[in-house]
Amino acid sequence: MPELPEVETIARGVDKRVRGDRILQAWFSRVPQTFKTPRQRQAKGLSGCTILSVHRAGKHIVFELGPPAAASKARTTQPAPGPGVSEAQWIVHLGMTGRLLVTSPESPVALHTHARLLLESGRELRFVDPRRFGRLEFRDLRRSAGFGAPGSEPLTIGEREFAALFRGRRLSIKAALLNQELLAGVGNIYADESLFQAGIRPRRRANRVKRSELERLRLALHQVLTTAIQLGGSSVSDYVGADGERGFFQLEHCVYQRTGEPCRRCQTPIRRVVEAGRGTHYCPKCQH
DNA sequence: CATTTCACCTGGTGGC
DNA sequence: TGCCACCAGGTGAAAT
């Protein structure tokens, strides 16, 4: 599911439901590649912790955790604590098919469930991931630094910094947008949609895109991502939110998965090519 | 070093 | 209905 707008939607939904709750116990599957931190260490680190807050960084969902001893006090004495006092973090990357669900402990456990966190409130947080591209990581902030996505956040980056990302790069502008070390959070849908809005062909070399075009791209990204967040992201097959609610931005797609259909602006059939190993969609007349 | 390709997985879809 | 090829919102390791 998950690009920036979907991850933002999920992080907000999970935050609303579990902020201030306490993790009583943690269960993990035995699929080893799911765990960037060994599963036993995650289980030990998580149990007893208070969830101070949940937020997005790039395509990652970050749980800020308070120490086990501080315990349930946080839940009743509002306002809920902020991230400042966090002692550890639980970091979830959804990969292609990962989902975070808040359910009752009794509800049937879906196939490919890799994590179950039993919460003091009586709810359960679950991580389900059929394709196993998702990753779970635990960080003890007393021992290591806090998590920060490597690339810049596309919603807050300024004009100069944005242009500098592409300077001297000979890869395609599409590949550059997908590179998480440059921009954190842009994936295949929003790369294609923002390039359409900016009128730029996905296969152009990044260093050949003019400064004015790059600025159009920055603004297009901002606009597309902001609108998508407002609509709860894109639900392409099945989806999303902590209760399984769907997003609606797929109705706004201009090019993504519209191969052969008429361009919304000029009626020319949308073209599909493979670029950077990904299906890439554009209008041959509107994009240059 | 920068850039490109491919393996990693399961599941859904559409053609025959 | 079954079988098969192809496609999928991501990424990091290997190859070029």
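Lettering follows sequence order; numbering is per chain, from 1.
- Checked for salt-bridge contact, R135(A) and E137(A) miss the test: no charged N lies under 4.0 Å from a carboxylate O.
- Here the straight-line distance linking atom CD of E6(A) with atom CD1 of I229(A) works out to 9.0 Å at 0.5 Å rounding.
- Atom pair Q180(A):CD and dA13(C):P shows a separation of 15 Å (rounding to whole Å applied).
- Regarding D192(A), its CG atom lies at a distance of 10 Å from the P atom of dG10(C), rounded to whole Å.
- When the options K174(A), R204(A), R201(A), R203(A) are evaluated for a salt bridge (charged side-chain N to carboxylate O under 4.0 Å, His left out) with E275(A), the one that passes is R203(A).
- Ring orientation note: the planes of F28(A) and F35(A) are nearly perpendicular, at an angle over 60° on the 30°/60° scale.
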task = Applying side chain to side chain donor-acceptor pair (under 3.5 Å), run through T227(A) and E252(A) and close with a yes or a no.
result = CA-CA 9 Å; T227(A) 307; E252(A) 309 286 316; over 6 Å; no
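- Of the candidates dC7(C), dT10(B), dT11(C), dT11(C) carries the atom nearest the K59(A) side chain, counting heavy atoms from C-beta on.
- Looking at R12(A) and E8(A), a side-chain N of the basic residue comes within less than 4.0 Å of a carboxylate O on the acidic one, giving a salt bridge.
- In this structure, R265(A) is positioned above the aromatic face of F196(A), its NZ or CZ under 6.0 Å from the six-membered ring centre and within 45° of the axis.
- Nearest to the side-chain atoms of V236(A) among the listed nucleotides dT11(C), dG9(C), dA8(C) stands dG9(C).
- F138(A) places a side-chain heavy atom less than 4.5 Å from the side chain of L46(A).
- Rounding to the nearest 0.5 Å places CG of L65(A) at 5.5 Å from CD1 of I23(A).
- Base pairing of dC9(B): no nucleotide in any strand meets the Watson-Crick or G-U wobble criterion (both distances under 3.5 Å).
- Within the nucleic acid shown, Y190(A) has no heavy atom closer than 4.0 Å to any nucleic acid atom.
- Distances were taken from every side-chain heavy atom of I189(A) (C-beta onward) to each of dG9(C), dG11(B), dC7(C); the shortest belongs to dG9(C).
- For the P atom pair drawn from dC1(B) and dT11(C), the interatomic distance equals 22 Å after rounding to whole Å.
- Within residues 34-42 of chain A, no residue has any heavy atom under 4.0 Å from DNA chain B.
- The interatomic distance linking L182(A) (CG) with dA2(B) (C1') rounds to 12 Å, in whole Å.
- Base pairing of dT4(B) is made with dA14(C), judged by Watson-Crick or G-U wobble geometry with both donor-acceptor distances under 3.5 Å.
- When the side-chain nitrogen and oxygen atoms of H112(A) are compared with OP1 and OP2 of dC9(B), none of them lie within a distance under 4.0 Å.
- Comparing the same atom, C1', in dG11(B) and in dG12(C) gives a spacing of 23 Å after rounding to whole Å.
- If you measure from atom CG of N207(A) to atom P of dA2(B), you get 14 Å, rounded to the nearest angstrom.
- Taking the six-membered ring wherever Trp is involved, the centroid distance between the rings of F249(A) and Y190(A) falls below 6.0 Å.
- One finds no side-chain N or O of R278(A) lying less than 4.0 angstrom from the OP1 or OP2 phosphate oxygen of dA8(C).
- Between the CE atom of M96(A) and the C1' atom of dC9(B) there is a distance of 10 Å, given to the nearest Å.
- dT3(B) and dG9(C) have their C1' atoms separated by 23 Å, with the value rounded to a whole Å.
- Here the P atom of nucleotide dA8(C) and the CG atom of L178(A) are 13 Å apart, to the nearest Å.
- As rounded to whole Å, 10 Å separates atom C1' of dG12(C) from atom CD of E181(A).
- Backbone-only engagement by L111(A) is indicated by non-hydrogen atom pairs under 4.0 Å involving sugar-phosphate atoms exclusively.
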key: Worked check of side chain to side chain donor-acceptor pair (under 3.5 Å) between H281(A) and D192(A)   = CA-CA 6 Å; H281(A) 315 75; D192(A) 281 5; 2.8 Å; yes
Tabulated below should be each protein N or O lying under 3.5 Å from an N or O of nucleotides 3-8 of chain B; please produce it.
from	atom 1	to	atom 2	distance (Å)
dT3(B)	OP1	R170(A)	N	2.6

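- The nucleotide whose nearest atom lies closest to any side-chain atom of H93(A) is, among dT11(C), dG9(C), dA8(C), dT11(C).
- In this structure, H281(A) places its NE2 atom 10 Å from C1' of dA8(C), rounding to the nearest Å.
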